[in-house]
Amino acid sequence: MTSTETPSPESRQPVARPGVLDIAPYVGGESKVAGVNRVIRLASNEGALGPSPKAIEAYKALSGEIHRYPDGGSAALRAALAGRFGLEAERIVCSGGSDELITLLTRAYAGPGDEVLYSQHGFLMYPIAAMGVGATPVTAPETNLTTNVDALLAAVTERTKLVFVANPNNPTGTYLSAAEMARLHAGLPSHVVLVIDAAYAEYVGQHDYEPGIELVRRSTNTVMTRTFSKIYALGGMRVGWAYCPDNIADVLNRLRNPFNVNAAGQAAAVAALEDVEFAEASRAHNDKWLPWTSEGLTRLGLKLTPSVGNFVLAQFPETTGHSADAAWDYLKSRGMLTRKMGSYGLPNALRITIGTGDEMKAVVDALSQFLGKS
Ligand SMILES: *Cc1c(COP(=O)(O)O)cnc(C)c1O
């Protein structure tokens, strides 16, 4: 120190690494409304039917064992996933929610001066993870609220280390076909990691869709991430998983915490996976209520993107009184929680999760009144 001044107490505070204080902390969907007992929660894309009763049982059965460390390698869960999807267990890495995988992959492959690329209205965890390691988040424009492969490829520079594509994307609900994803992969330098975030894969019935397994199989730079938080409705348990090439599985296993998936989460996830019938029912429910809700809201004059997830993105008119913000307030005052989209660059839109049939009827009715249609 050349200064002769005594440092003020403030200047001696610990200072976070560059980038950390630039992060806008992730704000989850609200879950409570003051004075309302029965809140309709449509803000976080939690599976409409809740978790499988078998998953709840498995969770409860563990209550006498919570003093024990979990299996640090999540072996039973990896074996169950391998069996269910026809994968190699040693190339699966489990995590405390798939958010953890986004963070780990970013920590592993990017640092200060590097770029992390994603699509304009992509999932907010990507820039958060990038800034957390001092890397620069870079976005590529979308077309019709859909990931544009050419725009992504055009945005790749020498500094690009990772490309994140949520497929289908949250919050837009749109998806890339297997052919488009393969085209993206083919256009990327082989040292750039392509992360396919398939959090909603189980809901997608489109024949040209593929969650990413095929691409992972034939490359050393593609990872597919999945979660138990959405169709399996185990968000509170925090369980995600990745299917990786050997080289990336090795890296993630070195970097992750040794006991990153808690015991109850592992048990509940295995049980949920085994209850194929319940997962099918959850998907059939979505197949019915996703188009029902989309059509209902379109009839009210709202603009909907064609979603393949368990949520819709509804765009509101800018006219005073009928804005997305006003709609959000109106719904909340009636105990219905949806998600504002300003932080995704979509201030005129709300994202609405597909809930139960009664919940969907309630939200369409309320918006009909809000818009003066009934
Ligand atoms: C919900 C979501 C996740 C995170 O899920 P976890 O609960 O952390 O497993 C990841 N990606 C997308 C696109 C999501 O919508």
Side-chain angles (χ1 to χ4, degrees), residues 25-29 31 41-48 50-51 55 74 77 81 92-106 116 118-130 132 137 139 142 145-147 162-176 181 194-204 209 211-212 223-243 252 256-257 260-262 264-266 268-269 272-273 282 286 305 307-313 338-339 341 343-344 346 351-354:
Y26 186 87
V27 181
S31 59
R41 294 166 63 162
L42 307 173
S44 297
N45 298 346
E46 300 149 340
S74 302
L77 176 54
L81 287 164
I92 295 172
V93 179
C94 296
S95 60
S98 58
D99 283 347
E100 186 190 9
L101 294 164
I102 296 169
T103 310
L104 288 176
L105 287 161
T106 308
V116 173
Y118 63 103
S119 190
Q120 187 180 0
H121 303 294
F123 189 45
L124 277 182
M125 275 303 296
Y126 312 147
I128 289 176
T139 59
E142 299 189 358
L145 296 178
T146 305
T147 302
L162 292 132
V163 179
F164 282 98
V165 180
N167 197 31
N169 186 49
N170 169 20
T172 53
T174 55
Y175 77 104
L176 286 186
M181 192 65 87
L194 171 61
V195 183
I196 303 174
D197 177 345
Y200 302 92
E202 293 85 355
Y203 288 109
V204 188
Y209 175 80
V223 184
M224 172 190 71
T225 64
R226 302 278 285 262
T227 180
F228 280 90
S229 303
K230 304 291 159 55
I231 201 165
Y232 294 109
L234 292 173
M237 300 267 79
R238 312 305 305 128
V239 189
W241 58 284
Y243 180 54
L252 289 175
R256 69 177 175 84
N257 284 339
N260 61 334
V261 190
N262 70 73
Q266 291 183 40
L273 208 56
S282 301
N286 200 63
T305 41
S307 172
V308 297
N310 68 331
F311 55 90
V312 293
L313 184 77
T338 59
R339 194 71 158 261
M341 291 283 113
S343 57
Y344 284 92
L346 299 163
R351 193 193 66 198
I352 305 171
T353 304
I354 302 303

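As the structure lists them, so they are numbered: ligands from 1, and atoms in each ligand from 1. Please read these numbers as outputs of a predicted model, since none were measured by experiment.
- Heavy-atom separations between Lys230 and ligand 1 include at least one value shorter than 4.0 Å.
- For Thr103 (side chain) and Ala129 (main-chain N/O), no donor-acceptor pair under 3.5 Å exists by modelled atom type.
- Residues Arg238 and Asp99 have side chains in contact (heavy-atom distance under 4.5 Å, counting atoms from C-beta outward).
- Near Ser229, meaning under 4.0 Å from any of its heavy atoms, are these atoms of ligand 1: 6 (P), 7 (O), 9 (O).
- Inter-residue side-chain proximity for Asn170 and Phe311 is flagged as met; some heavy-atom pair is nearer than 4.5 Å.
- Taking a cut-off of under 4.0 Å to the non-hydrogen atoms of Arg238, the atoms of ligand 1 that pass are 6 (P), 7 (O), 8 (O).
- Ser229 contributes no side-chain N or O that, together with a main-chain N or O of Leu234, makes up a donor-acceptor pair within less than 3.5 Å.
- Close contacts of ligand 1 with Thr227, meaning ligand atoms under 4.0 Å from a residue heavy atom, involve 5 (O), 6 (P), 7 (O), 9 (O).
- Residues Leu252 and Leu105 are in side-chain contact: their nearest non-hydrogen atoms beyond the backbone lie under 4.5 Å apart.
- Within the 4.0 Å heavy-atom shell around ligand 1 one finds Tyr200.
- Residue Asn170 has at least one heavy-atom neighbour below 4.0 Å for each of these atoms of ligand 1: 13 (C), 14 (C), 15 (O).
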- Task: With ring pair (Phe, Tyr, Trp, His ring centres under 6.0 Å) as the test, would you mind laying out the steps for Phe164 and Tyr118 before giving the verdict?
- Result: CA-CA 5 Å; Phe164 282 98; Tyr118 63 103; 8.0 Å; no
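- Put simply, the side chain of Leu81 reaches to within 4.5 Å of the side chain of Cys94, judged on heavy atoms.
- Using a non-hydrogen distance threshold of 4.0 Å, Ser98 registers as a contact of ligand 1.
- Counting the atoms of ligand 1 from 1 in the order shown, those under 4.0 Å from a heavy atom of Ala199 are 11 (N), 12 (C), 14 (C).
- Atom 11 (N) of ligand 1 has its closest protein heavy atom at Asp197 OD2, 2.6 Å.
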